[in-house]
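Since this is a predicted model, take the numbers as computed values, not measurements.
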Amino acid sequence: MALEQYFEPRRYEPEIYRTWEESGAFRADAGSAKPAFTISMPPPNATGTLHLGHAVMLAIEDLMARWRRMAGDEVLWLPGTDHAAIATESVVIRRLQEEGMADPRGELGREELVRRIAEFVASSRDRIRQQIRAMGSSCDWSRERYTMDPQLHRAVDAVFGRMFRDGLIYRGPRIVNWDPYLQTTVSDDEIDTQERPARFYTLRYGPFLVGTSRPETKLGDTAVAVHPGDERWREQVGKTYEVAWPKGPTITVKVVADEQVDPETGTGALGVTPAHSQVDFEIARRHNLPLVQVIGEDGRMTAAAGPHYAGMTVEECRAAFARELDAAGLLAKVEDYVQPTPICYRSKQPIEPLPKEQWFVNVNEPAVPWKGRKQSLRHVLHDVVASGEIVILPQHEEKKYFHWIDNLRDWCISRQIWWGHRVPVWYRGREDLYVGHHPPEGEGWTQDPDTLDTWFSSALWTWSTLLDPELAADGPLGGDRGGKYRHRELDEILAGSRDFQRFHPTSVMETGYDILFFWVARMILATTYATGQVPFRTVYLHGMILDRDGDKMSKTKPETSIDPLDTIEENGADTMRLALVIGNGPGKDLKLTPERVVGCKRLINKIWNAAKLVDRTVGGRARAALTMSAFTVAHPVNRWMLHKQRELVERVDARLAEYHFGDAAEIVRGSFWGDFCDFYLEAIKIPELAESDETAAVVFAVFTTYLKLFHPFLPFVTEKLWQELVGEGMLIRAAWPVAEPAHDYATDAEGVDAVVRLIAAVRGVRVEQGLEPGAKVDVEVHAKAHPEILEASQAIVARQVQADTLTVIRGGEAARQGAAVAV
RNA sequence: GGGGGGUUAGCUCAGUGGUUAGAGCACCUGCCUUACACGCAGGGGGCCGCGGGUUCAAAUCCCUCACCCCCCACCA
């Protein structure tokens, strides 16, 4: 066998991946007796393209999967894709519009549009699957899931139904975050705040002055609120005023006293706009105030704003109304200020708070059976992390998590889009409401038109993917059809699902810290509720991949942007993976640069070249002759190498166990390059060692152990070399190295460390004295300890430092003159 | 406004009480030494953000300040 000059990723990687996959190495065996190690892959958008966020996620998860698999666990890494409701629907609608269809929803209707979206997903889903493979991901494709799979749909409806019955899901009018552009509500977590230059207006408002940045909403005011203890307005509370807006309606406002008003803020009087402000809505509810909606779902003023303003956009009305107020002398003051404006994270368009009937998850209702008591979802969310049942890494993310819970409000889960899990509720007339997976029997039922927040179904991901598809199908257990919902149905499915029993809770949830709230928290919420289990034991949050300036990679900055697919194509998946992992740690952002990528590529080349030398050293010896147990390793240099590697294995294991994967890779790299390549492989070039069977066995054992240690980080090149050098079995299935107690050669290690120092010292002296590279020297060394090892290493030293003679002076003091060195 | 993180070699970062503070990349010098120039050898380079405190001992613990980054937010 002769290895090629270079490792050529493009040539080898796809073939190696195919071999792994076809061999069944990725497939988890639910029937094995090994301990389970489970990772649910965060499902990428089914219609998406691999980006660096996916790449770092896959690199880290795959290294965990490979490490634990080699270490003897039954590994299930379950892959899948997400239907990404809003994102996918808007992509398809935009494509249809580009093809000339003005109003796809109107023209196609619900059924046909959903069919087209499903078709689009089906046709594009294979791309992301292949890209996940290109990263070398050792996930179990036989268990691939999709968030719209039938059994996942069943789980969604089951959880919705159970929550509804437990009073945790309710429908009600609330101020919701309405995106007039996407024509749907979004949850609080789907909003970004953008600071925009704006004006702050102070209006005369009967006897009050009130401030607002949105005067147009004042057309719909129904009250003025003051603090109950505010002496200034004591007389006014309870009175009613009429305010005649110029060119607008005359509104009736009641003066109410409410604790929520801060007398120190602004004028201390708050104009209450119940329909267009969260705070005002709550105040209005407490005081039974009417609600007047002056802004519609189209983002334009309604008839309630009066004929002059109706039909104007919000911005037009703001300008027009401010002009009229000014003309009428009602505008006391206008100031410039910076307004935090809510923006939909998806459409990047302003959010309009509007009153709507929506479905919500109640996070405060104590209805969750938890540790023997009824608790609120919010309580359980807090408890599982505070108690350590779930550990979040890096640890400071736990503080953010608690802070989020402290500010958590009810979760709006209904969306006015068509692509997604439809709300499993049917109505008949005004009174009848039915919740279930199937429509109820009888005539006249219509299903709720809304779909569920995509995160509602993702929240079930760790376990809905493990349900037995047969059990969860609409077959033998379809008991809710037309009648009573069987409340234990979900429990029965869970109990009967072998994978769920075997692989849940999952071991590690690995994802970006940017979706801690969106997804991780929701999984904890829904999974503790639905299954009584935590979804995962450890949350590993990786950081963001940034460009050299610390900005997010963006197509608008192509000069600093790095594309994972291009990088894989050019340098191979091993390089891409290592560049994302080495030296990186939980929660740490990583600046990815071409230099970093090149540096990683060099390690792969180094490993490849070392393999060539190892192969030559091992020569034609039969593998049986390379079995370590056949030798009592005698030479100090061989012992040194075994000792160093034993220490390395211990340190790597410790780093991996602490989730310091980047450190682990760094340590293996340093040991391999420094100890193995720079010293050991050079040292054994002396004939005495090069020709010995002992050396052949040691170098073979040590190198193959390095292949194992590198394998989780660099699966392709290590597997290729395993095939070439070992030729038996596959590295992916090999056993993880253990620190061999018999390889504790502390004395030899100390002695050879002195040899290493001696070589460096003599080289230093050579340079100091300006010797020609080829010039021979005579070396005299004073050995403080282990002179016999120095003597045994004479040939090695001589070769490394171009020495003619090496004289070891026993017990010498630290004398140093000429080429004499003390070690 | 609330919360979190950071400030160590030119760059990216390790290092969390104890000998002359480390790595990779970059840089300088010399080498194509038959595994590797995607390499080898040698080397330069750091008041460890500022100030104070605790300690026999601090990059490392505590406090003040400065600057940078991120997240959350219903000051009307």
Side-chain angles (χ1 to χ4, degrees), chain A residues 3 5-7 175 188-189 191-193 200-202 210-214 217-218 221 224-225 260-262 264-273 277-283 337 339-340 342 353 394-404 406-409 513-514 516-517 543-544 546 548 550-551 571 575 582-585 587-596 598-617 660 662-663 666-667 669-670 673-674 677-678 681-682 685 759-760 763-768 770-774 799-802:
Chain A
L3 289 166
Q5 191 175 1
Y6 294 105
F7 177 67
I175 298 299
D188 294 340
D189 290 292
I191 291 174
D192 290 329
T193 307
F200 191 77
Y201 305 83
T202 304
V210 301
T212 181
S213 59
R214 301 197 57 188
T217 64
K218 299 289 107 182
D221 275 15
V224 171
Q260 202 165 354
V261 179
D262 176 5
E264 304 296 319
T265 298
T267 61
L270 168 66
V272 180
T273 317
S277 154
Q278 188 72 43
V279 185
D280 296 9
F281 180 83
E282 282 161 21
I283 292 173
Y337 98 126
Q339 182 186 22
Q395 232 206 324
H396 69 80
E397 291 288 339
E398 289 189 355
K399 293 181 202 163
K400 289 192 193 171
Y401 175 82
F402 291 135
H403 188 249
W404 177 79
D406 290 342
N407 296 303
L408 187 60
R409 294 183 296 162
Y513 64 65
D514 55 334
L516 175 62
F517 309 140
M544 302 298 106
L546 307 172
R548 71 164 72 256
D551 296 326
N571 306 290
T575 296
I582 195 162
N584 196 6
K588 301 218 62 132
D589 290 348
L590 179 81
K591 290 183 187 173
L592 185 67
T593 59
E595 298 84 72
R596 189 180 170 87
V598 167
C600 292
K601 193 179 178 185
R602 286 182 184 157
L603 174 62
I604 291 157
N605 185 250
K606 187 74 178 173
I607 296 171
W608 186 260
N609 281 297
K612 289 194 280 188
L613 182 56
V614 169
D615 187 42
R616 174 191 294 194
T617 307
H660 292 156
D663 277 3
E666 191 89 62
I667 289 169
R669 180 193 162 285
W673 206 305
C677 292
D678 289 346
L681 285 182
E682 293 302 325
K685 281 178 179 172
I759 291 168
R763 281 170 173 163
V765 171
R766 289 184 62 107
V767 171
E768 263 175 41
L771 296 186
E772 290 296 313
R799 187 173 189 282
Q800 297 297 308
V801 303
Q802 310 270 17

Nearest-angstrom distance, P atom, B:rG44 to B:rU12
24 Å
B:rG52 versus B:rU64 - spacing of their P atoms, nearest Å:
16 Å
Whole-Å C1' distance, B:rU34 and B:rC40:
14 Å
Counting any heavy atom closer than 4.0 Å, what does A:S277 reach on the DNA or RNA strands: base, sugar-phosphate only, or nothing?
nothing
How far does the P atom of B:rG15 sit from the matching atom of B:rG49, given to the nearest Å?
15 Å
Could you please name the partner base of B:rU19, counting Watson-Crick and G-U wobble pairs only when both distances are under 3.5 Å?
none
To check you understand the geometry: which heavy-atom pair defines the closest contact between A:V261 and A:G268, and what is its length?
CG1-O, 3.6 Å
Full working for side chain to side chain contact (heavy atoms under 4.5 Å, CB included) between A:D589 and A:Y513
CA-CA 10 Å; A:D589 290 348; A:Y513 64 65; 2.8 Å; yes
B:rU60 and B:rU16, which share atom name C1', separated by this distance in whole Å:
4 Å
Distances under 3.5 Å between nitrogen or oxygen atoms of protein and nucleotides 37-45 of chain B:
residue	atom	partner	partner atom	Å
B:rC38	O2'	A:N605	OD1	2.9
B:rG39	O3'	A:K606	NZ	3.0
B:rC40	OP1	A:K606	NZ	2.8
B:rC40	OP1	A:W673	NE1	2.6
B:rC40	OP1	A:D678	OD1	3.3

For A:G211, report the nucleic acid contact type (base, sugar-phosphate, nothing); a contact means any heavy atom under 4.0 Å.
sugar-phosphate
Can you measure A:R214 atom CZ to B:rC74 atom C1' for me and round it to whole angstrom units?
13 Å
Between B:rC63 and B:rG24, how far apart are the two P atoms, rounded to whole Å?
36 Å
What closest approach, in Å, do A:V210 and A:G271 show between heavy atoms, and which atom pair accounts for it?
CG1-N, 3.8 Å
Polar atom pairs between nucleotides 5-14 of chain B and protein, under 3.5 Å, N or O only, would you list them?
residue	atom	partner	partner atom	Å
B:rG5	OP1	A:K399	NZ	3.4
B:rU12	OP1	A:K591	NZ	3.3
B:rA14	OP1	A:K588	NZ	2.2

Base partner of B:rG39, which must satisfy Watson-Crick or wobble distances under 3.5 Å
B:rC31
Write down the distance separating the C1' atoms in B:rA9 and B:rG1, rounded off to the nearest Å.
39 Å
Answer with base, sugar-phosphate or nothing: what part of the nucleic acid does A:Y337 contact at a heavy-atom distance below 4.0 Å?
sugar-phosphate
Give me the one residue out of A:D280, A:D262, A:V224 that meets side chain to side chain contact (heavy atoms under 4.5 Å, CB included) with A:L270.
A:D280
Closest approach to the side chain of A:R616, judged atom by atom: which nucleotide of B:rU34, B:rG4, B:rC72 is it?
B:rU34
Would you please test A:R669 and A:K606 for side chain to side chain contact (heavy atoms under 4.5 Å, CB included) and show each step?
CA-CA 10 Å; A:R669 180 193 162 285; A:K606 187 74 178 173; over 6 Å; no
Hey, which of these two, A:Q278 or A:W608, hits RNA chain B nearer its 5' end, going by closest nucleotide?
A:W608
Partner of B:rA58 by Watson-Crick or G-U wobble geometry, both contacts under 3.5 Å, or none?
none
Are A:W404 and A:D189 close enough, and set up right, to give a side chain to side chain contact (heavy atoms under 4.5 Å, CB included), and what steps lead you there?
CA-CA 10 Å; A:W404 177 79; A:D189 290 292; 3.1 Å; yes
Could you measure between the two C1' atoms, the one in B:rC69 and the one in B:rU29, and give it in whole Å?
40 Å
Using Watson-Crick or G-U wobble geometry with both distances under 3.5 Å, which nucleotide pairs with B:rA66?
B:rU7
Using distance alone, with no hydrogens and no angle criterion, decide if A:R763 and A:Q800 have a side-chain donor and acceptor under 3.5 Å apart.
yes
Which is more 5' along RNA chain B, the nucleotide nearest A:D192 or the one nearest A:V210? Just name the residue.
A:D192
A:R669 side-chain proximity, nearest of B:rG24, B:rU34, B:rA76
B:rG24
Face-on cation placement of A:K218 at A:Y201 ring, 6.0 Å and 45° thresholds
no
